[in-house]
Amino acid sequence: MFSIYILTYNEELDIADCIESASLSDDIIIVDSYSSDRTLEIARRHPVRIAQNPFESHGKQRNWMLNHVAAKHEWVYILEADERMTPELFRECLQAIQHPEIVGYYVAEKVMFLGQWIRRSTQYPRYQMRLFRRDKVRFTDYGHAEREICGGEVGYLKASYPHYTCSKGLSRWLEKHNRYSTDEAVETIYQLSTQKVDFWNLFFGSSEVERRRALKDLSLRLPFRPLIRFLYMYFILGGIWDGHAGFAWCTLQAFYEYLIVLKVRELQKTVTVAKVSQKWEAIAPQVVTRSF
């Protein structure tokens, strides 16, 4: 058996269905970021344990959870409240944890948007680290999300999990991605100033994860990023075949990319003004002295 952590913050619309989907496990742990709605009230109706910690970032929250909230089993699975465990995925997880040489498994998400699966323009199968030995994996922050640090060999599961990205409505989606775009803008500036594109992984990476992450690093350096992202998702990946929902998804992703670009410019301008102010403060006394 394996334990299931569920990460929550104001998830009253999703938490019951999420817990129900995870109920095949005998150890479900809610890790809540001090929700102000009925999330915990609803959660307590189910056989779960609850822990709370103020949210700083996705990576830090996961590490706090692994370091301070003991799981019953050696293997753990991470769910977010707008995701679901499926019987097929659960059975494959039970089989996967029998392999002692593996420390973690990537699982592909199925993005559900406007009532349908957005199969093509979401780069499916797009893998996330979800099932792992709790003492062998930790996380670091990257943009608005996180990246895993694994202390051993990893594998990939065939079954996927549904991710209901707009389950709380478009207003919540837009509010969330407005916050995400700020984190991504900060990460973009860091990547442009300190990191390089790994072209080997871009073309010859051994996994979808390596190729996708190298592609993202490249995309940060491209001009007209929002337009390129729309054209890539809608025509090259095939979002045009995902119908109205596919068009809406690609349009919103391009808008999200444009928000990041605008916030990068805003941050760069702020840094430039600060540097000019610091330089002026350093030379101002000399200028004043020479004037007299």
Does atom [atom1] of [X] have more than 12 heavy-atom neighbours, drawn from other residues, nucleotides or ligands, at distances under 6.0 Å?
X	atom1	result
F55	CZ	yes
R49	CZ	yes
Y180	OH	yes
K176	NZ	yes

Problem - Electrostatic pair D141-K60, nearest N-O below 4.0 angstrom - result: no

Practice task
May I ask you to say whether R62 pairs ionically with E146, meaning some side-chain N is under 4.0 Å from a carboxylate O?
Solution key: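 Judged by the 4.0 Å cut-off on N to carboxylate O distance, R62 and E146 do form a salt bridge.
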
Exercise for the section: Go through V76 and V137 one step at a time and tell me if the side chain to side chain contact (heavy atoms under 4.5 Å, CB included) criterion holds. Expected result: CA-CA 10 Å; V76 298; V137 176; over 6 Å; no

Main-chain N/O of [Y] paired with [X] side-chain donor or acceptor, under 3.5 Å:
X	Y	answer
N201	E210	no
E83	E80	yes
S25	I28	no
E12	R38	yes

Minimum heavy-atom separation for [X] to [Y], with atom names?
X	Y	result
I50	R44	CD1-CG, 3.6 Å
V197	A214	CG1-O, 4.1 Å
A70	I29	O-CD1, 4.0 Å
R84	A81	NH1-O, 2.8 Å
L267	A185	CD1-CB, 3.9 Å
S181	K263	OG-NZ, 2.8 Å

Using 0.5 Å steps for rounding, measure from the [atom1] atom of [X] to the [atom2] atom of [Y].
X	Y	atom1	atom2	value
L192	T194	CG	OG1	8.5 Å
N53	M65	CG	CE	11.0 Å
L89	L79	CG	CG	8.5 Å

Compute the ring centroids of [X] and [Y], then answer whether they are less than 6.0 Å apart.
X	Y	answer
H244	F247	no
F2	H73	no
Y127	Y156	yes

Handout entry: Non-hydrogen side-chain atoms of R138 and N67 separated by less than 4.5 Å
Key =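 They are in contact (side-chain heavy atoms under 4.5 Å apart), so the answer is yes.
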
Problem - Any side-chain heavy-atom pair of V107 and Q128 under 4.5 Å - result: no

Residues 220-238 side chain polar contacts: donor-acceptor under 3.5 Å, at least two apart:
residue: R221; atom: NH1; partner: D217; partner atom: O; Å: 2.6
residue: R221; atom: NH2; partner: Q191; partner atom: O; Å: 3.0
residue: R221; atom: NH2; partner: Q195; partner atom: O; Å: 2.7
residue: R225; atom: NE; partner: E257; partner atom: OE2; Å: 3.1
residue: R225; atom: NH2; partner: E257; partner atom: OE2; Å: 2.5
residue: R229; atom: NH1; partner: E257; partner atom: OE1; Å: 2.6
residue: R229; atom: NH2; partner: Q253; partner atom: OE1; Å: 2.9

Same hydrophobic cluster for [X] and [Y], using side-chain heavy-atom links shorter than 4.5 Å among ILVMFWY?
X	Y	value
M129	Y5	yes
L24	M85	yes
W200	V209	no
F90	Y161	yes

Practice task
Mind running side chain to side chain contact (heavy atoms under 4.5 Å, CB included) on I102 and F132 for me, showing each step along the way?
Solution key: CA-CA 8 Å; I102 304 294; F132 53 89; over 6 Å; no

Handout entry: L40, V69, V31 screened by side-chain contact (heavy atoms from CB on, under 4.5 Å) with Q52, the one that passes
Key =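 One option only clears the test, and that one is L40.
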
Please list, one pair per line, the donor and acceptor atoms closer than 3.5 Å that link side chains of residues 109-117 to other protein atoms, with sequence neighbours excluded.
residue: E109; atom: OE1; partner: H163; partner atom: ND1; Å: 2.8
residue: E109; atom: OE2; partner: R126; partner atom: NH1; Å: 3.1
residue: Q116; atom: NE2; partner: D242; partner atom: O; Å: 2.8

Handout entry: Contacts of type side-chain contact (heavy atoms from CB on, under 4.5 Å), residue K136, not counting sequence neighbours
Key =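 Here the qualifying residues are V103, R133.
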
Exercise for the section: Give the C-alpha distance, both sets of side-chain angles, the deciding distance and a yes or no for side-chain hydrogen bond (donor to acceptor under 3.5 Å, both in side chains) between E148 and Y106. Expected result: CA-CA 10 Å; E148 62 286 339; Y106 290 95; 2.6 Å; yes

